[in-house]
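Here is the structure we will look at, set down as structure tokens.
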2 protein chains.
Amino acid sequence: MPGHHPARSRRTTERKGDVRERVILDTCEALLARKGYDAMTVGDIAQGAGITRGALYFYFGSKQEVVTALVARTVEHLWERSRATAQADEPRQAIAAAMRRTVELWNEHGLVMRTAIDLSLSVPEIGELWSRTADLFITAITAVLERAGVQPGTEPDQASAMARALCWMIERTFYHASQESREKLQKASSTCEHIWLVSAGLTV
Amino acid sequence: MPGHHPARSRRTTERKGDVRERVILDTCEALLARKGYDAMTVGDIAQGAGITRGALYFYFGSKQEVVTALVARTVEHLWERSRATAQADEPRQAIAAAMRRTVELWNEHGLVMRTAIDLSLSVPEIGELWSRTADLFITAITAVLERAGVQPGTEPDQASAMARALCWMIERTFYHASQESREKLQKASSTCEHIWLVSAGLTV
DNA sequence: GACAAAAATCGACGTCGTGTAGAGTTTGAA
DNA sequence: TTCAAACTCTACACGACGTCGATTTTTGTC
């Protein structure tokens with residue numbers, strides 16, 4: 001997101017600015033945890049990164065751009081992880097694996113994910129990023145449901161519609177649980193997994 | 001929320017200020033729809049209500065207080081409506097009735113409800129208001145689940161935990177659907193109802 | 001209907017955070 | 001060495017917020 005100076009591609013040695021950029025994002029993440037988005041000021045970020053406001057505006061055009069870059073960095077990581085996870089064939093296993101992975105993601109990046117959700121409305125760029133991420137999950141859930149025998153086409157239990165609802169359930173449940181504690185997150189995961197299983201027709 | 005002058009209770013004739021207060025909230029709601037929370041300024045609200053900024057600060061201490069009052073007004077209405085709805089005995093009927101009512105509420109007050117959700121984090125007062133509202137729904141869902149035979153105590157399918165997850169599913173699904181169209185809202189409702197039914201063990 | 005108290009309104013002010021401008025310094029490749 | 005780019009800083013202008021004190025209008029009472 002270094003919008004100002006386009007030609008900083010193909011390069012072996014790391015520019016000083018690349019480091020700064022990373023430090024800025026790290027600082028932003030820390031401040032987000034400590035003060036929250038509204039209370040966090042551009043001056044705070046700059047100070048935390050050891051530069052002045054003026055210098056920060058060389059890297060990012062606004063406070064929103066900083067946070068957008070932070071979200072982008074995190075979301076990038078989510079996508080990587082999603083790609084890396086092998087798709088199990090057996091629905092029960094697939095569901096268990098997916099929930100396990102989701103718990104991990106929220107444990108590691110809960111703060112930024114919550115921020116992304118919160119800012120999805122006011123910062124369209126972030127909204128886009130998050131919605132693309134959600135679509136990834138919805139697609140995956142849909143696949144599992146269909147493999148478990150849920151009809152792809154008939155309303156209202158068509159797989160994709162159900163997948164969407166289940167995705168929002170997981171998002172919101174984890175959103176809240178991740179604010180509390182790891183234990184809550186684990187319990188929330190169990191509950192969501194159970195509902196997912198039942199919805200897939202895999203009753204115990 | 002007329003915090004400034006406490007002793008305005010028991011009164012038959014309506015003060016001029018009571019009208020203004022209502023006009024301010026109405027204006028705020030309209031602006032919220034047109035520009036969104038961030039873009040909406042205190043000056044905008046005042047101008048829309050036909051007064052100056054200074055006058056508005058006589059009624060409310062801040063922009064947040066105005067929106068909080070608006071949310072409070074709406075939430076009050078939700079509670080009223082919830083109380084008025086008779087609790088059907090038969091689970092299937094109860095679920096159908098609840099979803100029907102939820103669709104109505106989101107159709108009428110979707111904008112303010114979405115705003116309440118968005119500001120739950122940054123405005124603690126609103127967070128409290130909304131969380132209390134959610135608890136109402138969770139309690140209701142729990143009751144239905146238990147009446148349908150879901151164990152109240154055993155993990156992870158204890159009724160209250162499932163109810164919480166289902167509540168968040170409905171909230172988030174309706175949140176998104178109500179931004180699109182009434183049709184989407186209706187479809188979303190069907191899907192949520194289906195998942196709720198299945199979760200209650202009332203498989204078709 | 002007059003009059004005092006309360007309610008309501010206004011305009012001006014100080015503060016804070018944002019984003020921009022321009023000038024100066026460092027870095028690195030030719 | 002030199003020159004352009006990458007980088008940094010201080011200073012400024014703007015907009016929104018919230019406060020203050022003075023002033024006008026409304027309200028209830030005699």
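Chain letters run A, B, ... following the sequence lines, proteins first and then strands; every chain starts at 1.
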Problem set entry | Interatomic distance, B:D18 CG vs D:dT26 P [rounded to whole Å] | 15 Å
For this session: List in chain and number order the residues that pass side chain to side chain donor-acceptor pair (under 3.5 Å) with A:E128, two or more places apart in sequence or in another chain; answer none if no residue qualifies.
Result: none
Problem set entry | By side chain to side chain donor-acceptor pair (under 3.5 Å) - contacts of B:E80 (at least two apart) | none
Problem set entry | Value in whole Å for how far the C1' atom of C:dT26 lies from CZ of A:R20 | 12 Å
For this session: Evaluate the ring planes of A:H77 and A:H109, with Trp represented by its six-membered ring, and classify them as parallel (under 30°), tilted (30 to 60°) or perpendicular (over 60°).
Result: perpendicular
Exercise. Residues from residues 34-41 of chain A sitting under 4.0 Å of DNA chain D, heavy atoms only?
Worked result: none
Exercise. OP1 or OP2 of C:dA8 less than 4.0 angstrom from a side-chain nitrogen or oxygen of B:Y57, does that happen here?
Worked result: no
Exercise. When the distance from CG of A:L31 to P of C:dG17 is rounded to whole Å, what number comes out?
Worked result: 13 Å
Exercise. If you check the A:F58 side chain, which of C:dA8, D:dG18, D:dA6 turns out closest?
Worked result: D:dA6
For this session: Could you tell me whether the side chains of B:S178 and B:R114 share a donor-acceptor contact shorter than 3.5 Å?
Result: yes
Problem set entry | Positions of residues 47-56 of chain B (non-hydrogen atom under 4.0 Å from DNA chain C), listed by number | B:I51, B:T52, B:G54, B:A55
Exercise. At their closest point, which heavy atom of A:L145 faces which heavy atom of A:A163, and how far apart are they?
Worked result: CD1-N, 3.9 Å
Exercise. Nearest-Å distance, CZ (A:F60) to C1' (D:dC7)?
Worked result: 14 Å
Exercise. Can you name the side chain to side chain donor-acceptor pair (under 3.5 Å) partners of A:R81, sequence neighbours left out?
Worked result: A:E104, A:E108
For this session: Verify whether one side chain among B:E125 and B:W130 offers a donor that lies under 3.5 Å from an acceptor in the other.
Result: no
Exercise. What is the distance from CD of A:E65 to C1' of C:dT18, rounded to the nearest Å?
Worked result: 14 Å
Exercise. So which pairs with a foot in residues 37-52 of chain B pass side chain to side chain donor-acceptor pair (under 3.5 Å), sequence neighbours left out?
Worked result: B:K35-B:D44
